[in-house]
Amino acid sequence: MSEGRPFSAPTPPSVPAPRRPAAPAHQPASGGAAPRPEPRPSSGPSDAGRPPGGSGVAGAPPRAAAPGASAAGTSAAGASAAGTSTPGTSAAGATVPPQGASPYPRPAGAYPHPSGRPAHHRPAHPALHRARIVKAVAACAAAAAAGMLVLRGNEAYAALDAPTGADSRLTTATAAGTPDPGRVLQIVAHPDDDLYFMNPDLRYSIAAGHPVTSVYLTSGEADGINAGAAKQATTAPNKPAYAEARQNGIRAAYAKMATGDRSSPWKRTVVATKGGGHAEVDVLEAKPEVSLVWLQMREAGNVYGDAPDSLHGLWDGRVPHLESMLASGTPVKQRFTYTKEQVVRTIEGVLETYRPTTIRMQDPTPGRFPDTKRYTDHQDHFYGARFVQMAAEAYAREVKDRPHFAVQNYVGYFNSSLPLALDPGEAKEKLDILDTYAWLDRQNHCGSEAGCGDLKVADHPSGNRWTDSINYARDTSTSWLTSDRDHGLWAFKVLDGQVAVWHRAGLIGSWSGPRLLPGTGMDQGISTVTLPDGRIAAFGTRTTFGTRPADYRREVVYAVQRDPGSEEFGEWQSLGTPEAADDTWTSDISAPAVSVDGSGLAAVYVRDGASGLRGRAQRADGSWGPWENHGGSDLHGTPATATDGAGRRMVFAATTKTVIGWAQPEPGAPLGPATHTGLPETTLPLTAEAREGGVRLWFRKPGSGNVRTALMTGEGGLKVNNLTDLGGLQGFGSVTASGHVLAGRTAGGRLGSDVGIGQPWQRSPLMFAGAPSSTMTGKNMVSLAVVGLDARLYVTSSADEADAYLAPWQPVGPRSTAP
């Protein structure tokens, strides 16, 4: 594949005259960004070199069909071994939390309409008024037409939350003939990675009734000492017993999340795996849609240090196989070993059995600390995630009769160095679950001599502030939905490791898709941009494995629409990567951010492994220049970029303390130097959009979930104008903004939206993966989309009127099918 093949020659548009912003209200400058800090271990216990909180910090997966449904009985959560069985029990239905309203009314003029006028301005001239009425009638007709399409879809989505009747033949929460609410499969390295790094998403999914299965690659045996700091020296090591205690703690935590009773019983069975070994599968009897899969491989026992007998060593070929580490009390009695290929096949077998529509996994490229060059995450976490990547690619390639699936990656240990993403209430709920796992009361509720929880974390169940945060490692872009000049809509997300495209022709045309563009290995996180000739270009990153472990590589790629309005796209073209070798920064580059300046030329930006900004800019002949280092330090997450009213490109990136920005002095010029904006600290995801002659940023207030916004202007240097707190419904993650609509994840995991001044925030029934996205469709309509946990696209719209509201949600494409 050629690197940096040019777009066909762009036609530079005329550059609009710059709009002068209103007198800016400058923010006081804060200190510069500090170098990327290495988390300071808390005073709690640590095992064999791992930070407090267990040998890894765990993630919680969603559960689907009970084991026993696997073809030929070979999958890891599939067929039972001799003498074991899985009960078929009906699942309880889900409930929908009540609609929420924000106590924080948006200040007047907090974020004006893109044109610069107030969002609900009415023209005074009669002719203009008549024109507006004609447009409104047309919009109403469009909405009515769309409504005919969405009514059935909305009824279908409502059914996702309807209770299912008892049926002993059902092994999921989905009854025959009803839409599938989606099945979540979480795959983590250690028991507790799910609780620390994937909650509250895990708790939200269980509460909503989604089938949830969590898979643990290793036993997490560490040094075998199940004791706090005070008793470490006097407690004899027993690795099988410590592994059992951690299993008991996980079962108690899941039972509490699902039923409120930590002692709720489990059905424990043995299943043969596709890799030739055996796994334990636990099904919660009261909620059989919740299950746990224990693969019980040996863990590294060290966060950073050399440990050949580990997933890392197996991946690199330093050991030919990895041994099992069976927990005491497990029904699995036969020891086994796995080669690298057998680990991949074992995980693939789990995917075949549970047929997930959402896969949650850890970050395969977490980077290193610049000063010590140590990994920013546990080596089991990211090498385990690489095994999951490889298995998911094989599953997508080899298993054709399956639903589509999306992937979500989670930040691990480095959460402790980032601004806190959760509000106090959510953080407390998360800590309560860790308290259960840590077995704080020491009551023998599980009846096990090994113990009922992980006493290593009992001194500090919050870990290194991990219970105060959650961050997605990728898929935070809100520019994956876009509109064309004919008011058609295009959506781009990664399903099955390929970019899926959904398309609606015109304002009231029919939707098509998902259609998967050729090319595999695509990572989550697609950004789009419209070129001057009207074509759409999609940018993302792609992971390739190669024949050697050192060949692991992540690179930036793009594909361009063949003609405006065409559903055909050209091949993926590579822009390479600023990271020369995987060993340097673990291939740690962010998803790309892309914009087109007033000269009609595109540029793409990523945060590199050294926490700086890198970019490639398009030349006048359509080719691409080299990767340039734009400086900055302590950058995290994915950059955001947009072009102001004067055609100047602006780029922004969050640090642990503030936001850093870059701006072109004029269209076509090189990007200016890194500038400290003086904005207060934010949680990671940033959204940028051209507004009011400048670029408006949206982000969240740490420890709150409230949405904030500020207008950035570039006349005479980057300036911050009118930093405003817009309130919200708590929550975390990316916020999308178009016209008068704001939307993002709320507390409870559902989509919250704000559709105009004076109206309360509202919560929809939708739970979704990644970030929402929105776009202006014409001048007076906003379209909003998410991809649900069922890997389906859902869209809605809202007219730009004083009494604006969201139309019913419309699902697009075939629904998932239950296994």
Side-chain angles (χ1 to χ4, degrees), residues 36-42 46-60 186-199 216-218 220 222 299-307 310-316 360-389 407-418 421 457 463-474 523-524 543 552 554 579 582-590 607-611 634-638 656 684:
R36 191 182 204 182
E38 184 165 348
R40 184 173 55 214
S42 67
S46 62
D47 68 330
R50 73 181 170 99
S55 65
V57 198
Q186 300 185 162
I187 309 179
V188 296
H190 312 112
D192 79 359
D193 290 342
D194 41 356
L195 304 185
Y196 276 118
F197 305 131
M198 296 177 179
N199 242 348
Y216 304 93
L217 299 178
T218 78
E299 72 142 277
N302 194 292
V303 178
Y304 321 103
D306 186 31
S310 64
L311 290 169
H312 183 175
L314 188 64
W315 179 273
D316 285 348
R360 294 176 180 154
M361 57 186 284
Q362 293 169 283
D363 183 5
T365 58
R368 295 175 181 264
F369 293 106
D371 49 354
T372 65
K373 292 303 173 82
R374 286 180 168 182
Y375 303 132
T376 64
D377 206 0
H378 196 297
Q379 57 186 315
D380 279 348
H381 292 179
F382 70 92
Y383 278 99
R386 293 184 179 191
F387 275 105
V388 178
Q389 274 186 305
V407 172
Q408 188 77 68
N409 298 108
Y410 291 80
V411 174
Y413 284 170
F414 200 72
N415 278 313
S416 62
S417 298
L418 297 171
V457 304
N464 225 348
R465 301 195 311 166
W466 296 323
T467 56
D468 294 311
S469 226
I470 182 173
N471 281 289
Y472 300 137
R474 308 187 72 77
D523 304 311
Q524 301 301 306
T543 294
Y552 185 92
R554 174 171 277 163
E579 299 301 341
D582 179 54
D583 188 56
T584 307
W585 298 109
T586 73
S587 298
D588 179 25
I589 61 172
S590 70
R607 185 261 312 140
D608 66 15
S611 303
D634 189 36
L635 308 185
H636 304 288
T638 296
T656 57
L684 284 189

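When reading the values below, keep in mind they use all heavy atoms of this one structure, side chains included, and skip hydrogens, waters and symmetry mates. Sequence positions, counted from 1, serve as the residue numbers for this chain.
Not counting sequence neighbours, the partners of Ser469 by the side-chain contact (heavy atoms from CB on, under 4.5 Å) test are Asn415, Ala421, Asn471. When the salt bridge (charged side-chain N to carboxylate O under 4.0 Å, His left out) test is applied to Arg474, no partner is found at least two apart in sequence or on another chain. Scored by the salt bridge (charged side-chain N to carboxylate O under 4.0 Å, His left out) test, Asp306 finds Arg318 as partners (sequence neighbours excluded). Remark: Gln524 engages no residue in a side-chain hydrogen bond (donor to acceptor under 3.5 Å, both in side chains) (not counting sequence neighbours). Partners of Gln379 by side-chain hydrogen bond (donor to acceptor under 3.5 Å, both in side chains), not counting sequence neighbours, listed by chain and number: His312. Not counting sequence neighbours, the partners of Asp523 by the salt bridge (charged side-chain N to carboxylate O under 4.0 Å, His left out) test are Arg554.
A cation-pi arrangement is absent between Arg360 and Tyr410 under the rule of less than 6.0 angstrom and at most 45 degrees off the ring axis.
Residues Tyr383 and Gln362 bring no donor and acceptor atom of their side chains to less than 3.5 Å of each other.
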- Message: For Ile470 and Asn199: C-alpha separation, side-chain torsions, deciding distance, then whether side-chain contact (heavy atoms from CB on, under 4.5 Å) applies.
- Response: CA-CA 7 Å; Ile470 182 173; Asn199 242 348; over 6 Å; no

- Show your working on side-chain contact (heavy atoms from CB on, under 4.5 Å) between Tyr552 and Thr543 and close with a plain yes or no. CA-CA 7 Å; Tyr552 185 92; Thr543 294; 3.7 Å; yes

- Task: Give the intermediate values and the outcome of side-chain contact (heavy atoms from CB on, under 4.5 Å) for residues Leu684 and Leu418.
- Result: CA-CA 8 Å; Leu684 284 189; Leu418 297 171; 3.7 Å; yes

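A donor-acceptor pair under 3.5 Å links the side-chain atoms of Arg465 to the main chain of Ser416, judged by distance alone. Checking side-chain atoms of Arg368 against main-chain N and O of Asp583 turns up a donor-acceptor pair under 3.5 Å. Under the 3.5 Å distance criterion, the side-chain polar atoms of Thr586 are matched with a main-chain donor or acceptor of Gly367. Proximity of a side-chain donor or acceptor of Asp634 to a complementary backbone N or O of Thr656 within less than 3.5 Å is detected. A donor-acceptor pair is defined here as one N or O able to donate and one able to accept, closer than 3.5 Å; no such pair exists between the side chain of Gln389 and the backbone of Pro364.
Among all heavy-atom pairs drawn from Met198 and Ile187, the shortest one is CE-O, 4.3 Å. Of all heavy-atom pairs spanning Asp363 and Phe382, the tightest one is O-CB, 3.0 Å. Thr218 approaches Pro191 most closely through the heavy-atom pair O-CD, 3.8 Å. Here the closest heavy-atom approach between residue Thr638 and residue Ser590 is recorded as OG1-CB, 3.7 Å. Closest approach of Ser310 and Asp380 over heavy atoms only: CB-OD1, 4.4 Å. Closest non-hydrogen pair, Gly609 versus Trp585, comes out as O-CE3, 3.4 Å.
Residues His636 and Phe414 bring their aromatic ring centres within 6.0 Å.
Taking CZ of Phe369 as the reference point, atom OH of Tyr375 lies at 13.0 Å (rounded to 0.5 Å). Between the OG1 atom of Thr584 and the CG atom of Asp608 there is a distance of 11.0 Å, given to the nearest 0.5 Å. Atom NE2 of His190 sits about 12.5 Å away from atom OH of Tyr216, to the nearest 0.5 Å. Between Tyr304 atom OH and Arg374 atom CZ the span is 6.0 Å, to the nearest 0.5 Å.
Residues Leu217 and Leu311 meet the side-chain proximity criterion, which asks for heavy atoms closer than 4.5 Å.
Taking the six-membered ring where tryptophan is involved, the planes of Tyr413 and His381 are perpendicular, since the angle between them exceeds 60° and thus also 30°.
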